[in-house]
Every structure is written in C-alpha cells, then in structure tokens.
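To start, the structure under review is shown below, and the notes come after it.
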Amino acid sequence: MSCDDNQAQAAVAVIGLGQMGTRLAQAFLAGGYSTTVWNRSPAKAEALAAQGATRAATVNEAVATSALIVVSLPDYATVRTVLGPAAGQLRGRTLVNLSSGTPQDAAEAAEWAAGHGAAYLDGAAMSGTRLVGRPEALFVLSGSRSAFDRHEAVLRSLGNSVHLGGDPALAPVYDTALFGLAWGALAGFYHSLALVRSAGVDPAEFGAVATAHMPFVTSLMADHARQADKGVFPDDDGTVEVHRAAIEHLADTSETQGIGTQVPALFRSLLQQAADDGHGASGIASVIEAIAKGRRHA
Ligand SMILES: NC(=O)c1ccc[n+]([C@@H]2O[C@H](COP(=O)([O-])OP(=O)(O)OC[C@H]3O[C@@H](n4cnc5c(N)ncnc54)[C@H](OP(=O)(O)O)[C@@H]3O)[C@@H](O)[C@H]2O)c1
C-alpha cells in the first residue's frame, strides 16, 4: 500500500518510545498532529495513549497510518531490524531517522529507504530531551529537500528543525561536531566552576554570571568561522601569545587552588602548537589550523 490519502498526510508515526521518542510523540501531539506510536515494550505506548496518541499493535500498523514515520532507536542496526518487517509499507512515505549513528550509517539507511520507495531524512536531536517541543530545540536534518518541505510544519512542532542539505550524511556530521562543541563549552564551564568553588564562591551565583558572559563567546563564532574559511587570522581578539600567557595564569591559579589542570592543559597544548606553527602573533582562531593538521601535541 502506498500513502496518498489526505488524512495520512497530516499524521505522524513515532517508532521507539524511549526518553527521546516519548518527547517527540508528545511534541507532535502538542502540535495538534494525529500521532500513532509503537514501542517494543507496550507500556510506554500506553502512557502516550492516555495523552491522545493512537497505539499501533505492530510496526506495520504504525507505518500504514502515516505519511511521516519518525524513528528514535539506539542505533541503525536496530532501525533495520525494527522496520524490516514493514519495509513493504514504506513506499511513498517519508522516513525520518533520529537515531544516533555515523555518516556511513546515514548513507546506507538512505539507500535502504530509497530501495523501498521512501523519501529519507537523517536527523539528530541536538538539545537533549528537555527542550523538545520548544522553539529553541535544535533538530538538524539532511536528505530529501522535498520531503523536508512537505513535512516542515510537522517537524517544526519538535522545535527549530533545520535542513542542512541533500546529503543524508550531513546530519550525523553536524551531530558529532555540535556534540563536541557542547562538550568543549561544558568542560570549560566545569573547570571554571571547580575553580570558583575552591575560592568559596557560590556555584549558582557563578552560574548566572557565566551565563551572562556567554553572548561574548558566541559573538566570536561566526567571525572566527569566516577567518578559518579564508585562512587569515587577525589579532582583534588577542594574539595566540597573549592568550598563551593568560592560560598560564589559569593553570597556575588552578594548581594553587588545588584543583585539576586537565582543561587548562588542553588549552595550553592547542595554543602551544599554534605558536610552534608560527602563529604566535596571529589571532586565536589560528588554533583551528593546528587541529586541522591532525597532529597531536604532547
Ligand atoms: N535521550 C537523549 O537525551 C538523546 C539526545 C539526543 C539523541 N538521542 C538519541 O535518540 C535515540 C534514542 O535514545 P533514547 O534516549 O530515547 O534511548 P532509550 O531511552 O534508551 O530508549 C531506547 C528505545 O529503543 C527501543 N529499543 C532498544 N532496542 C530495541 C530493539 N532491539 N528492538 C526494538 N526496540 C528497541 C527501546 O524499547 P523498550 O522500551 O522496549 O526498551 C526504547 O524505546 C538514540 O539514538 C540516542 O542517541 C537521545
């Protein structure tokens, strides 16, 4: 059976109701979309049925109800196992796979979906489960542009759903890159928290000041990305040498306070390598050149 009736066009099926899938289904329901759900353990579907979802007894049944099939499972092998029996039902529908995986996984899944006549979007939820359904929850998607356009309104009920391009592998590339970005920022935050706490500062008070400082940090990003693109690193935001000296203060103060120096050691290593590469007088975004070379600094 292919999907061509109007009712199905407005409907969405969510397969996999773990922490993420449950939040996805709740966001679709809150957006007013007819939502069918399936989960291996039926209890999670029951809880959603109480909130207005339709429970499907099988994956086949879930797929048959909806033009848009959203899958949230631990990995791509599980996606294949779960969707395999319903593959014959996928023709004419759109499969959105929000399970985590690699660019290679995404390319293979897109091929598999195409082989069964389905449009494919690979995607990643970038804002945990907390924000799902709110406008600031970032979802990155790549693959069929026409499928994204067709289902954009439904996908926007999840949050800020962004189409990155036609290559399905782009979504997992962004996913891992943004995960690293968030961890970099959080590692810096955790270090700063340990440092101020060692000086008797109230962590919550510091958290508020640190949050107010972040717009300065994010204001650098677009400009530094342009610098990286051109390979030209003006020193408007301080030179590598100036920042290297400041990192020594951070490392020394951390040591004096008796806390770990793992995080300053990473910063020191990056700036040292940039200086060794002749970028001492360049702006700090020149560090990207050191990273891009793939060399590891001791
Ligand atoms: N949670 C987050 O904050 C978050 C954020 C970003 C991305 N993600 C991604 O979202 C995906 C789902 O994560 P989650 O946090 O929702 O995981 P989870 O809470 O552990 O739920 C896993 C889901 O997969 C189902 N499942 C596992 N193995 C299965 C199998 N062999 N056959 C059928 N169903 C199976 C589970 O069914 P049962 O209920 O029957 O066990 C459950 O519905 C993952 O790829 C994760 O990386 C999660």
Side-chain angles (χ1 to χ4, degrees), residues 12-30 35-51 53-63 66 68-87 89-90 95-110 112-113 120-143 155-162 164 168-186:
V12 57
V14 180
I15 292 171
L17 303 173
Q19 287 189 349
M20 180 55 72
T22 297
R23 295 291 296 121
L24 300 175
Q26 286 169 338
F28 289 131
L29 287 168
T35 305
T36 299
V37 294
W38 179 88
N39 193 59
R40 178 179 62 178
S41 315
K44 292 174 187 164
E46 278 162 30
L48 280 162
Q51 296 165 43
T54 303
R55 253 179 310 168
T58 61
V59 174
N60 250 303
E61 197 180 303
V63 169
S66 311
L68 180 62
I69 320 296
V70 177
V71 183
S72 176
L73 290 165
D75 51 47
Y76 285 59
T78 308
V79 172
R80 284 281 189 103
T81 305
V82 168
L83 283 183
Q89 298 270 8
L90 285 172
L95 177 60
V96 176
N97 186 7
L98 295 177
S99 312
S100 297
T102 65
Q104 178 67 18
D105 285 332
E108 286 171 8
W112 181 83
Y120 184 79
L121 285 162
D122 207 277
M126 296 314 314
S127 311
T129 52
R130 277 201 215 197
L131 299 179
V132 174
R134 294 172 51 154
E136 62 269 36
L138 176 64
F139 283 81
V140 291
L141 297 145
S142 67
L155 293 170
R156 283 203 177 275
S157 59
L158 299 178
N160 178 19
S161 295
V162 176
L164 304 169
L170 273 173
V173 168
Y174 268 67
D175 182 17
T176 46
L178 292 173
F179 181 73
L181 166 63
W183 251 102
L186 286 171

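Note that ligands are numbered from 1 as they come in the structure, with each ligand's atoms numbered from 1 the same way.
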Please state which option from [options] has its nearest heavy atom closest to [atom].
| atom | options | result |
| --- | --- | --- |
| atom 6 (C) of ligand 1 | Ala125, Ser41, Pro42 | Ala125 |
| atom 22 (C) of ligand 1 | Pro74, Gly21, Gly16 | Pro74 |
| atom 9 (C) of ligand 1 | Gly128, Ser100, Ser99 | Ser100 |

Q. Within a distance of under 4.0 Å, is there any protein heavy atom near atom 24 (O) of ligand 1?
A. yes

Would you say [X]'s side chain and [Y]'s backbone share a donor-acceptor pair under 3.5 angstrom?
| X | Y | result |
| --- | --- | --- |
| Ser66 | Val63 | no |
| Asp175 | Pro172 | no |
| Ser99 | Pro74 | no |
| Thr36 | Ala62 | no |
| Thr129 | Gln19 | no |
| Thr58 | Glu61 | yes |

Q: Assess whether atom OH of Tyr120 is packed by more than 12 heavy atoms of other residues, nucleotides or ligands within 6.0 Å.
A: yes

Q.
Is it the case that over 12 heavy atoms from other parts of the model lie below 6.0 angstrom from the CZ atom of Arg134?
A. no

Q: Could you see which bit of Lys44 sits under 4.0 Å from ligand 1, with heavy atoms only: side chain, backbone, both or neither?
A: side chain

Q) Hey, is Leu17 touching ligand 1 through its side chain, its backbone, both or neither, going by heavy atoms under 4.0 Å? A) backbone

For [atom], what's the nearest protein heavy atom and its distance?
| atom | answer |
| --- | --- |
| atom 44 (C) of ligand 1 | Leu73 O, 3.4 Å |
| atom 5 (C) of ligand 1 | Met20 CE, 3.4 Å |
| atom 31 (N) of ligand 1 | Arg40 NH1, 3.4 Å |
| atom 21 (O) of ligand 1 | Gly18 CA, 3.2 Å |
| atom 37 (O) of ligand 1 | Asn39 OD1, 3.5 Å |

Q. Is there a side-chain contact between Leu83 and Trp112, using heavy atoms and a 4.5 Å cut-off?
A. yes

Q | Those atoms of ligand 1 less than 4.0 Å from some heavy atom in Thr129 | A | 1 (N), 2 (C), 3 (O)

Q. Considering only heavy atoms of Ser72, which atoms of ligand 1 have at least one such atom less than 4.0 Å away?
A. 10 (O), 11 (C), 12 (C)

[X], any N or O under 3.5 Å of ligand 1 N or O:
| X | result |
| --- | --- |
| Asp75 | no |
| Gln19 | yes |
| Val82 | no |

Q. CG/Leu121 to CG/Leu155 distance, rounded to the nearest 0.5 angstrom?
A. 7.0 Å

Q.
On a heavy-atom basis, which atom in Ala45 and which in Val37 lie closest, and how many Å separate them?
A. CB-CG2, 4.0 Å

**Q.** Test item, Thr81 contacting ligand 1 (heavy atom, 4.0 angstrom)
**A.** no

